[in-house]
Protein chains: 2
Amino acid sequence: MTKSATTSTPERKRGQGVKFVYEILRDDILNLALPPGSPIDEIQLAERLSMSRTPIREALVRLAGEGLVTTLPNRSTVVSNIDFLNMHQFFDALTLMYRVTTRLAAEYRSDADLAKIRKLQAAFGQAVDDQDALAMISCNREFHAAIAKAGRNPYYTGLFCRLLDEGRRVLRIYYSSFDDHLPRRYVDEHDDIIAAIDARDIEEADRLARQHADQIVLQIQRLIAEDRRQPISL
Amino acid sequence: MTKSATTSTPERKRGQGVKFVYEILRDDILNLALPPGSPIDEIQLAERLSMSRTPIREALVRLAGEGLVTTLPNRSTVVSNIDFLNMHQFFDALTLMYRVTTRLAAEYRSDADLAKIRKLQAAFGQAVDDQDALAMISCNREFHAAIAKAGRNPYYTGLFCRLLDEGRRVLRIYYSSFDDHLPRRYVDEHDDIIAAIDARDIEEADRLARQHADQIVLQIQRLIAEDRRQPISL
DNA sequence: TGTATTTTATTTGTCGACATAAAATTTGCC
DNA sequence: GGCAAATTTTATGTCGACAAATAAAATACA
């Protein structure tokens, strides 16, 4: 069992316990440090983080609400599986959210929003230059999340971030097979999107977002299709 | 403080406690039995339902994840307010989800889905005939939720149901001002939508869903505009 | 030796209690 | 009498422990 490098932090403030374990578990799940299907032992976690089971259970309830873990009644809770069979619906929702959030960003962005988006795009470009696939995945998520926030619709932002996180897990599985000319293309597409948002060109932003989404979906589909691993889960 | 008629049910199975209190609180919140801003006293709830605070806290965490309650750190948790200032974003997301879910329902529905949708539409018609505004709101939600489920995209269904629940609260505030010719119109529009889904006419389903959403949004906006109550929240 | 049944053990769901932080109240001072 | 500081009080966040339920192990039996 791969464990994250969570060194003991015995000094914790009151009221931060749930948030603490929630973020650790969430990161481990999205980074696949806890792969899908992994059982989560409350007692083990409790003594590893040197805290009671109560805040851990509350964090698990929260994660279950986001669909990241699945609670079997009277049984162990496990990290939710990635549903490769219903991937089509995931792609459909992802594409729509790409488009809608980018549209709204072009309409409602402030200058501060734009500055933040550009900063995150720079970080993404750096990750591409470094050939750091993990950083690329993370920066890409932050970039699009910032665009969504600039659109100022919390309902879209919430769903979109959930989809981006789920996509982070999927990409993480295949990150080793990234070519380096593909990320470069993504950087250019991001730049075009930023330009459209800057110019407040809603239709162009929509078109670019759709194109970008199609690119990513195609990429993931190709990776899945190329996957030669036996699809037998343990 | 208005309390729901939750008579004591001392016989409860193990593992049903959280779900039990979750559903009670959820219903009370959506029915406005617990109006926005109401503090939720864990101890009071615990002795009222004759159970410990632990399952109640877990239910509150779940509700907080859905945005129905807001947890103030080291302070009481309160029922989330309805954000009338950002209602525009709510309407935008609601309209889009109406359209997308109805489109997908026209594409992927099974005959069983259609039968269920028709059954719920009958219930809605009955509620309109009975002039039962509460039942109308509830049946309307179930009707559209069934359409979303027929579309078979859990991401859309999840967001849409959240929006419908939020709308249930908003409508509940103004339910007294319902004219009776408006609901009749909704019944007809529902029938048209069913016909389009039945015929698998995606574009027509989209058009009707958009029209239906616009109607509802207009209705709610008019109710809000007509509201003469002092907008001072004690 | 294989299967069914009982026993053990592990883990979850729930409970009552303590400690801490914020609110309410009282006290002290001008 | 009014305002500020100290105190009490109330409610949250966390803890350790018990009970039920499931899984695993051991035993009995054909």
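Side chains are part of it too, since the values below use all heavy atoms of this structure and drop only hydrogens, waters and symmetry mates.
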(request) Identify, residue by residue, the members of residues 53-75 of chain B with a heavy atom below 4.0 Å from DNA chain D, and return them in order of residue number, or none. (result) B:R53, B:R57, B:N74, B:R75

Nearest-angstrom distance from the residue atom [atom1] of [X] to [atom2] of [N]:
X	N	atom1	atom2	answer
A:E42	D:dA17	CD	P	17 Å
B:L45	D:dT12	CG	P	10 Å
A:M51	C:dA19	CE	C1'	15 Å
B:I43	C:dA17	CD1	C1'	12 Å
A:K19	D:dG13	NZ	P	14 Å

(message) Taking side chain to side chain donor-acceptor pair (under 3.5 Å) as the definition, give me every residue that meets it alongside A:Q89, ordered by chain and number, with sequence neighbours left out.
(response) A:N86

(message) For B:D92, give me all partners under side chain to side chain donor-acceptor pair (under 3.5 Å), at least two apart in sequence or on another chain.
(response) A:Y156

(request) Could you tell me whether the side chain of A:D113 and the main chain of A:S110 form a donor-acceptor pair under 3.5 Å? (result) yes

(message) Looking at B:L134, is its backbone amide N or carbonyl O close enough to the side chain of B:D132 to form a donor-acceptor pair, meaning the two atoms are under 3.5 Å apart?
(response) yes

(request) Evaluate the ring planes of A:H190 and A:F124, with Trp represented by its six-membered ring, and classify them as parallel (under 30°), tilted (30 to 60°) or perpendicular (over 60°). (result) tilted

(request) Validate the cation-pi geometry between A:R62 and A:Y22: distance from NZ or CZ to the six-membered ring centre under 6.0 Å, angle to the ring axis within 45°. (result) yes

